[in-house]
Amino acid sequence: MIDSILVLNAGSSSIKFSVEAPAGPGSVRMLAVGQIEGIGTHVHFVAKDADGTVLAETRWEDGSGPTDHDAALHVISEWLDGFLGDARVLAVGHRVVHGGPDFSGPVVITPGVRAKLRELVPLAPLHQPHNLAPIDAVEARYPGVLQVACFDTSFHRGHDFAAEAFAIPLKYFDQGIRRYGFHGLSYEYVARRLTEVAPDVASGRIVVAHLGNGASMCAIRGGRSVESTMGFTALDGLAMGTRSGQIDPGVLLHLIGTAGMTVPEVTRLLYHESGLKGLSGISPDMRDLERSEDPRAARAIDYFVHAIRRQLGALAASIGGLDALVFTAGIGENSAMVRRRVCEGMEWLGISLDADANEGNAQVISTADSAARVLVVRTSEETMIGLHVLEALEQAVA
Ligand code: ADP
């Protein structure tokens with residue numbers, strides 16, 4: 001095997017990982033990908049090669065599996081040692097949800113940086129602590145290895161004040177209550193892929209729709225993020241699998257003030273019981289809703305599509321038009337129905353969809369004479385992190 005970069009994406013009860021080998025300047029090749037999930041309960045570990053062939057798999061059904069992130073990382077690193085053989089772990093990249101107002105790019109983790117990242121926990125209390133959890137375990141397992149934090153927010157830094165602020169007294173902006181935007185690693189990767197697959201429009205006015213379990217959209221101009229549908233948290237904007245997306249803040253005041261719900265109850269409602277799941281009462285998963293005959297499934301899809309179309313118009317307005325619309329992530333890459341419905345009647349925005357190309361999940365799904373190109377681009381946040389770590393490695397030796 002080849003000396004490689006380990007990419008980690010740690011959640012509350014899971015660690016996703018990938019192994020990325022440097023493949024020339026500015027390029028990495030994924031050797032393996034996997035995850036350990038159900039940490040503390042029914043733990044399942046799986047590692048696959050780039051073609052999806054299972055390389056290793058273990059299930060602990062009896063509670064004897066890893067009970068915390070340290071133990072989970074131990075399982076991954078034991079497997080990795082065998083997988084890499086004589087080759088080394090060159091560096092480790094961490095997906096970290098929040099870089100706050102200051103981190104506008106990836107950063108090498110030092111004790112000082114680690115302290116700053118901990119200070120950001122109140123901005124993302126549900127995710128940030130888990131993202132940071134493996135850093136110490138990595139240091140213990142691979143002493144002195146270069147560790148890099150890559151943020152979901154940093155691609156969106158540098159927005160104009162009007163796109164970043166909420167219209168509440170300015171002191172809150174100064175306290176960090178701002179629209180940060182998320183899914184930045186995905187948008188950065190897609191923007192980079194566009195320079196390869198559609199170089200003539202890559203520096204133009206682009207709207208990217210990242211439609212997965214979490215969903216957001218981003219307006220990009222000149223390769224830079226101008227506006228995101230996600231705000232202070234990853235709750236704003238589009239309806240998602242289980243998250244509400246945009247909601248009148250007055251509803252929350254009513255639920256807490258009048259209906260007597262507690263903040264944890266409302267948090268649970270907005271993060272876990274809303275979106276496609278809440279509206280359909282059936283499932284948060286678009287595949288289930290597409291298959292369902294239940295009218296509630298159809299209405300949930302109607303809402304999902306409507307929110308995307310409304311945001312498409314708004315984002316195109318903020319970048320002065322549209323040269324390309326890009327669909328990405330699970331739904332964006334795979335649901336021809338959602339793409340068709342988003343693009344229906346969007347001729348006023350220069351969009352003309354090629355029905356056959358769309359049904360066939362082609363890369364370009366607009367007609368040859370469409371003023372705005374419509375594309376499907378497979379995203380890879382892991383690759384983007386791998387590329388950032390590679391850059392940090394190159395700088396470390398320079
Ligand atoms: P995550 O945000 O967890 O990374 P993904 O990007 O994997 O999520 O997206 C998950 C979503 O993609 C689910 O709603 C799933 O139903 C949807 N999806 C995946 N494949 C298809 C498909 N072939 N058709 C429609 N929806 C799909």
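In listed order, ligands and their atoms are each counted from 1. What you are looking at is a predicted structure, and each value in this text was computed from that prediction instead of being measured.
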Just to be sure I understand the cut-off, which residues have at least one non-hydrogen atom under 4.0 angstrom from an atom of ligand 1? Gly212, Asn213, Gly214, Asp285, Met286, Arg287, Glu290, Ala329, Gly330, Ile331, Asn334, Ser335

Say whether Asp62 and Ser64, considering side chains only, have a donor N or O and an acceptor N or O under 3.5 Å apart. yes

Can we say Arg95 and Glu382 salt-bridge, meaning some charged N sits less than 4.0 Å from an Asp/Glu carboxylate O? no

Side chains of Ser4 and Glu20 only: does a donor on one sit below 3.5 Å from an acceptor on the other? no

Is there a path of hydrophobic side-chain contacts, each under 4.5 Å between heavy atoms, that joins Val389 and Met30? no

Indicate yes or no: at least one non-hydrogen side-chain atom of Arg179 is less than 4.5 angstrom from one of Asp236. yes

OG1/Thr379 to NE2/His183 distance, rounded to the nearest 0.5 angstrom? 9.0 Å

